[in-house]
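Both counts, for ligands and for their atoms, begin at 1 and track the order of listing.
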Amino acid sequence: MKKILLLGSGELGKEFVISAQRKGQYIIACDSYAGAPAMQVADECEVFSMLDGDALERVVRKHHPDIIVPEIEAIRTERLYDFEKEGIQVVPSARAVNFTMNRKAIRDLAAKELGLKTAKYFYAKSLDELKEAAAQIGFPCVVKPLMSSSGKGQSLIKSADELEHAWEYGCNGSRGDIKELIIEEFIKFDSEITLLTVTQKNGPTLFCPPIGHVQKGGDYRESFQPAHIDPAHLKEAQDMAEKVTRALTGAGLWGVEFFLSHENGVYFSELSPRPHDTGMVTLAGTQNLNEFELHLRAVLGLPIPGIKQERMGASAVILSPIASQERPKYRGMEAVTEAEDTYLRIFGKPTTRVNRRMGVVLCYAPLGSDLDALRDKAKALAAKVEVY
Ligand SMILES: Nc1ncnc2c1ncn2[C@@H]1O[C@H](COP(=O)(O)OP(=O)(O)OP(=O)(O)O)[C@@H](O)[C@H]1O
Ligand SMILES: NCC(=O)N[C@@H]1O[C@H](COP(=O)([O-])[O-])[C@@H](O)[C@H]1O
Ligand SMILES: [Mg+2]
């Protein structure tokens, strides 16, 4: 049995804990608030700010974990190098977690060192620098904080007079106190995918069938698998995923994000060194092993006999329309549970914010079915669940 310290306890962590406990592991779930989804199913929990390096160190000294599994980006990742040196396994590696928490580190590695195709980009430390960069990139362009996730602080800029607002919005949406943004060329992609990639301690890199997804305001709304993409594009994406995960080192499951354009090919966007929100579609049984089980096996060094697509699936999110410190209630669940070949997962978050993801609807159908109809079904059912 291994002792696993899970840093971040949201919906993705909850499914990981369930997979880990099914293999007899012991989990301490951490997050900045009590009652987080993964804490509800873990052996123990700790509530503290994981951005506080000393607090993080205290928790590590208290529990002596064998393995540290980061589940969010907001962690004092520099400290992970020390824990790794002491012999604690950091998943997938301290380097991977440290590089991906800051868009600058991962983008420079991908574009400059590895030569992967990305959107044109600049960094800006002031509104003046942002204006200068926008003039070079042109409009529309995308502005994001260097440190953020799920679209926080992200804006799509159509003209120069929107830059001032984008600067403020980006700085306010930034995690920590870093006042620096990335400004990117807007890619007119035809579709975007997540390529779940598994790197193993003993064994080759494995790829899941591509997951298509749709984002709004930088946050995921629906995903589906398998996404139909040009085989040459898939090969290109797999090669890029292999390159970037090898450069970051370590074992685990990664969500590697790409933009696909018929005209301009495949662009690397970013990656998560952990299960991906769009990969929740694998909970619909689309694969022989879902993304959480794959992550766990890679982390423990357990064999993975292969990844097989079993059926097609679609996921659609349930968002909160309200902000409240009260425990949320749900209406309309019957409409989902009476539907065939459908699962409802309410994450059990103790409070709401506007647009906070509270649950997901998962629908499946045999391979070869009408994927668009399946996506519509998942979205229509998710819309019937009301958070209040
Ligand atoms: N340069 C771009 N051109 C076109 N669309 C973009 C660009 N950058 C981001 N987007 C859109 O915004 C979405 C979110 O961007 P990104 O993945 O960089 O943000 P994030 O905050 O890290 O999100 P998450 O943590 O949920 O993955 C993308 O999936 C894409 O739909
Ligand atoms: N795109 C990253 C992502 O989906 N992360 C997932 O959302 C949780 C935070 O949710 P919250 O903001 O509602 O607490 C994280 O803990 C993780 O499970
Ligand atoms: Mg993303």
> Identify the closest protein heavy atom to atom 24 (P) of ligand 1: which residue and atom is it, and at what distance?
Replying inline: Ser150 N, 3.5 Å
> So between Ser150, Gly13, Ala36, whose heavy atom ends up nearest atom 2 (C) of ligand 2?
Replying inline: Ser150
>> If I apply the N/O under 3.5 Å rule, does Leu12 come out as touching ligand 2?
In response: yes
> Honestly, is Arg79 close enough over Tyr81, meaning NZ or CZ under 6.0 Å from the six-membered ring centre and within 45° of the axis?
Replying inline: no
> In terms of heavy-atom contacts, does CG of Asp161 have more than 12 from other residues, nucleotides or ligands at under 6.0 Å?
Replying inline: yes
> ligand 1 and His276, any nitrogen or oxygen pair closer than 3.5 angstrom?
Replying inline: no
> Would you say Asp219 has any N or O atom under 3.5 Å from an N or O of ligand 1, going by distance alone?
Replying inline: no
> What atoms of ligand 2 come within less than 4.0 Å of a heavy atom belonging to Lys349?
Replying inline: 10 (O), 11 (P), 13 (O)
> Can a non-hydrogen atom of Tyr267 be found less than 4.0 Å from any atom of ligand 1?
Replying inline: no
>> For ligand 1 and Ile187, I'd like to know whether there is a polar contact (N/O to N/O, distance under 3.5 Å).
In response: yes
> Do other residues, nucleotides or ligands put more than 12 heavy atoms under 6.0 Å from the NZ atom of Lys120?
Replying inline: no
> Should you measure from each heavy atom of Glu184, which atoms of ligand 1 turn up under 4.0 Å away?
Replying inline: 1 (N), 2 (C), 7 (C), 8 (N)
> So which of the N, O or S atoms of Glu270 lies nearest the Mg ion (ligand 3)?
Replying inline: OE2
> Ile72 heavy atoms, cut-off 4.0 Å: which ligand 2 atoms fall inside?
Replying inline: 15 (C), 16 (O)
> Can an N or O of Ser148 be found at a distance shorter than 3.5 Å from an N or O of ligand 1?
Replying inline: no
> Quick one: does Gly151 get an N or O within less than 3.5 Å of an N or O on ligand 1?
Replying inline: yes
>> Under 3.5 Å between any N/O of Gln154 and any N/O of ligand 1: does that happen in this structure?
In response: yes
> Looking at Ser149, which atoms of ligand 1 are within less than 4.0 Å of one of its heavy atoms?
Replying inline: 21 (O), 25 (O)
> Out of Glu192, Lys144, Lys152, whose heavy atom sits nearest atom 28 (C) of ligand 1?
Replying inline: Glu192
>> If I compare all heavy atoms of Gly279 with all of Ile211, which pair ends up nearest, and what's the gap?
In response: CA-CD1, 3.8 Å
> To which protein heavy atom is atom 18 (O) of ligand 2 closest, and what is the distance rounded to 0.1 Å?
Replying inline: Glu71 OE2, 2.5 Å
>> What I want to find out is whether Glu180 reaches Lys104 closely enough, with some N-O distance under 4.0 Å, to be called a salt bridge.
In response: yes
>> Between Glu57 and Arg76 (salt bridge meaning N to carboxylate O under 4.0 Å), is one present in this structure?
In response: no
> Looking at Gln215, which atoms of ligand 1 are within less than 4.0 Å of one of its heavy atoms?
Replying inline: 13 (C), 14 (C), 29 (O), 31 (O)
> Taking both backbone and side-chain atoms of Ser269, is any N or O found less than 3.5 Å from an N or O belonging to ligand 1?
Replying inline: no
> At a 4.0 Å cut-off, with the gap strictly under it, does some heavy atom of Ser149 reach an atom of ligand 2?
Replying inline: no
> Do the ring centers of Phe16 and His295 come within less than 6.0 Å of each other?
Replying inline: yes
> Under the side-chain contact (heavy atoms from CB on, under 4.5 Å) criterion, do Lys179 and Lys125 qualify, and how do the steps go?
Replying inline: CA-CA 6 Å; Lys179 263 197 167 10; Lys125 284 196 171 116; over 6 Å; no
> Does the ring of Phe99 carry Arg95 above it, NZ/CZ under 6.0 angstrom from centre and within 45° of its axis?
Replying inline: yes
> Is it the case that one hydrophobic cluster holds both Ile75 and Ile88, taking links as side-chain heavy atoms less than 4.5 Å apart, direct or via other members?
Replying inline: yes
> Shortest non-hydrogen contact from Val387 to Leu319?
Replying inline: CG2-O, 3.8 Å
>> Show the atoms of ligand 1 that are less than 4.0 angstrom away from any heavy atom in Gly218.
In response: 12 (O), 13 (C), 14 (C), 23 (O)
>> Quick one, Arg246 with Glu113, criterion salt bridge (charged side-chain N to carboxylate O under 4.0 Å, His left out). Give me CA distance, side-chain angles, the key distance, then yes/no.
In response: CA-CA 13 Å; Arg246 196 183 317 127; Glu113 280 187 42; over 6 Å; no
> When you look for heavy atoms under 4.0 Å from ligand 1, do you find them on the side chain of Glu185, its backbone, both, or neither?
Replying inline: backbone
> Quick one: does Arg353 get a heavy atom under 4.0 Å from ligand 2?
Replying inline: yes
> For ligand 1, is any non-hydrogen atom under 4.0 Å from Tyr220's backbone (N, CA, C, O), its side chain (CB onward), both, or neither?
Replying inline: neither
>> Looking only at protein heavy atoms, which one is nearest to atom 14 (O) of ligand 2, and what is the separation?
In response: Arg356 NH2, 2.8 Å
> Under a heavy-atom criterion of less than 4.0 Å, does Phe189 contact ligand 1?
Replying inline: yes
> When you look for heavy atoms under 4.0 Å from ligand 2, do you find them on the side chain of Glu11, its backbone, both, or neither?
Replying inline: both
>> Both conditions, 6.0 Å and 45 degrees, for the charged tip of Arg107 above the ring of Tyr121: are they met here?
In response: yes
> Is there a donor-acceptor contact under 3.5 Å linking the side chains of Gln287 and Lys308?
Replying inline: no
>> Do the side chains of Asp239 and Lys235 get close enough for a salt bridge, i.e. N-O under 4.0 angstrom?
In response: yes
> Tell me: protein heavy atom nearest atom 16 (P) of ligand 1, and distance?
Replying inline: Glu270 OE2, 3.6 Å
>> I want to know if ligand 2 touches Arg357 in the polar sense, i.e. an N/O pair below 3.5 angstrom.
In response: yes
> So which heavy atom in the protein is nearest atom 6 (C) of ligand 1, and how far is it from that ligand atom?
Replying inline: Phe259 CZ, 3.6 Å
>> What verdict does the salt bridge (charged side-chain N to carboxylate O under 4.0 Å, His left out) test give for Glu46 and Lys62, after you've listed the backbone C-alpha separation in whole Å, the side-chain angles of each residue and the deciding distance to 0.1 Å?
In response: CA-CA 11 Å; Glu46 291 283 353; Lys62 176 175 167 192; 2.7 Å; yes
> For Arg103 and ligand 1, does the shortest N/O to N/O distance drop below 3.5 Å?
Replying inline: yes
> Between Phe268 and Phe259, is the gap from one ring center to the other below 6.0 Å?
Replying inline: no
>> For Asp43, is there an ion pair with Lys3 - N to carboxylate O distance below 4.0 angstrom?
In response: no
